[in-house]
Amino acid sequence: MIAVLKDKATQEQVDNLVEWFTMQGLKVHQSKGDYCTILGLIGDTTKIDIDLLKGLDIIESVTRISEPFKKANRKFHPEDTIVDVGGVKIGGGNFQFIAGPCSVESKEQIEEVASAVRKSGAALLRGGAFKPRTSPYDFQGLKADGIELLLEAKKTTGMPIVTEIMSAEHLPLFENVDLIQVGARNMQNFELLKALGKTNKPILLKRGLANTIKEFLMSAEYIMAGGNENVILCERGIRTYETYTRNTLDLSAVPMIKELSHLPVIVDPSHATGAARLVKPMAMAAAACGADGLMIEVHNNPPKALCDGAQSLTPEQFDDVAKRVMKIREVI
Ligand code: PEP
Ligand code: MN
């Protein structure tokens with residue numbers, strides 16, 4: 001349930017009302033906008049007399065939220081959330097490129113890619129250190145050493161870094177990581193989501209391979225329910241019967257999620273398509289339908305990449321994609 005308070009409500013009146021809700025066993029989330037204060041009530045609100053509430057002098061309106069996600073719900077927080085990742089803002093009109101290799105492979109590789117993508121306008125550097133691979137015999141990432149190499153590249157380029165976590169046990173290694181990624185395969189790893197909810201790190205949550213938008217938002221809710229509201233959502237394609245593309249990029253999820261939620265939504269056209277030549281058209285389409293950013297895999301030598309070479313762009317190709325996407329941004 002959400003209660004919108006009138007402009008004239010004094011802090012004392014707000015505090016009294018919050019105390020009363022708390023006594024009813026509800027958790028209260030306050031959101032102070034420019035023109036009004038919104039109280040989001042979490043818990044069993046069935047016992048609350050909505051007409052009595054509406055009759056209070058300081059109440060503008062009261063609405064029951066039927067969706068199971070509360071903190072991620074736009075009704076709860078009408079303005080777009082802007083997530084600050086190491087000084088880089090995403091959401092609410094701030095569009096960013098996250099670029100870098102699928103996996104960190106060596107110092108030379110990550111530094112070469114980092115400086116190239118930065119020149120082309122990428123604000124954040126990505127690179128997998130812990131890799132979720134379908135086969136246990138494939139390259140699993142450089143793990144802690146990979147994070148160290150990312151941190152060195154961050155020092156030389158000034159770019160905040162993004163890398164995937166696969167287990168809550170590894171959290172101490174992520175202390176200096178700016179944006180922690182939860183990959184598609186872990187979207188419903190609820191223990192991991194709960195652990196991340198207790199941190200204050202920005203989280204990039206990728207949509208699961210076979211998950212609905214509601215399930216996606218419920219996973220964001222797990223992180224937010226723990227107190228961490230710095231969540232960015234990433235549409236990366238879902239599994240369908242189609243086999244020409246690695247996944248099916250559900251671009252309609254972007255405007256749909258924006259209607260339902262205030263969280264920033266970015267698109268990953270690399271994992272969505274699995275083919276470098278499809279990244280540009282899908283990146284442009286993602287920008288056109290209102291995405292807040294793009295995550296794109298870039299490698300200095302895609303044919304030799306240890307992971308996902310077929311979908312990786314060269315730095316030159318990324319430069320072209322970034323330019324085309326910015327043209328689309330100008331038009332919209
Ligand atoms: C990745 O971004 O490196 C990755 C593994 O993506 P996803 O979880 O979307 O498959
Ligand atoms: Mn990859």
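Just follow the structure's listing: the first ligand is 1, and inside any ligand the first atom is 1. All of these numbers come straight from a predicted model, not from anything done at the bench.
- Protein heavy atom nearest atom 4 (C) of ligand 1, with residue, atom name and distance: His271 NE2, 3.5 Å.
- Between the side chains of Arg64 and Thr45, at least one donor-acceptor pair of N or O atoms lies under 3.5 Å.
- Remark: the His299 side chain and the Asp308 side chain contain no N/O donor-acceptor pair separated by less than 3.5 Å.
- In terms of distance to the Mn ion (ligand 2), the nearest N, O or S atom of His271 is named NE2.
- Thr81 and His262 form a side-chain donor-acceptor contact under 3.5 Å, judged by distance and modelled atom types alone.
- The neighbour count for Arg133 CZ, taken as heavy atoms of other residues, nucleotides or ligands under 6.0 Å away, is above 12.
- Backbone or side-chain N, O or S atoms of Cys307 do not reach the Mn ion (ligand 2) at under 2.8 Å.
- Ligand 1 has at least one atom lying under 4.0 Å from a heavy atom of Lys131.
- Salt-bridge annotation for Arg207 and Glu215: absent, with no side-chain N of the basic residue lying under 4.0 Å from a carboxylate O of the acidic one.
- For atom 8 (O) of ligand 1, the nearest non-hydrogen atom of the protein is Ala184 N, 2.7 Å.
- Of the protein's non-hydrogen atoms, Lys206 NZ, 3.0 Å is the one closest to atom 6 (O) of ligand 1.
- Side chains of Asn300 and Gln109: no donor on one and acceptor on the other come within 3.5 Å.
- When only non-hydrogen protein atoms are considered, atom 5 (C) of ligand 1 lies nearest to Glu164 OE1, 3.6 Å.
- Between His77 and Glu229, the side chains place no donor N or O within less than 3.5 Å of an acceptor N or O (distance only, hydrogens not considered).
- Taking the Mn ion (ligand 2) as reference, the nearest N/O/S atom within Glu297 carries the name OE2.
- Each of the following atoms of ligand 1 lies closer than 4.0 Å to a heavy atom of Gly183: 8 (O).
- By the 3.5 Å distance cut-off applied to N or O atoms, Gln181 is counted among the residues near ligand 1.
- With respect to the Mn ion (ligand 2), Asp308 has OD2 as its nearest N, O or S atom.
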Given side-chain hydrogen bond (donor to acceptor under 3.5 Å, both in side chains), test Thr10 with Gln13 step by step and report yes or no. CA-CA 5 Å; Thr10 64; Gln13 288 174 308; 3.3 Å; yes
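- Looking at Arg236 next to ligand 1, an N or O pair under 3.5 Å apart turns up.
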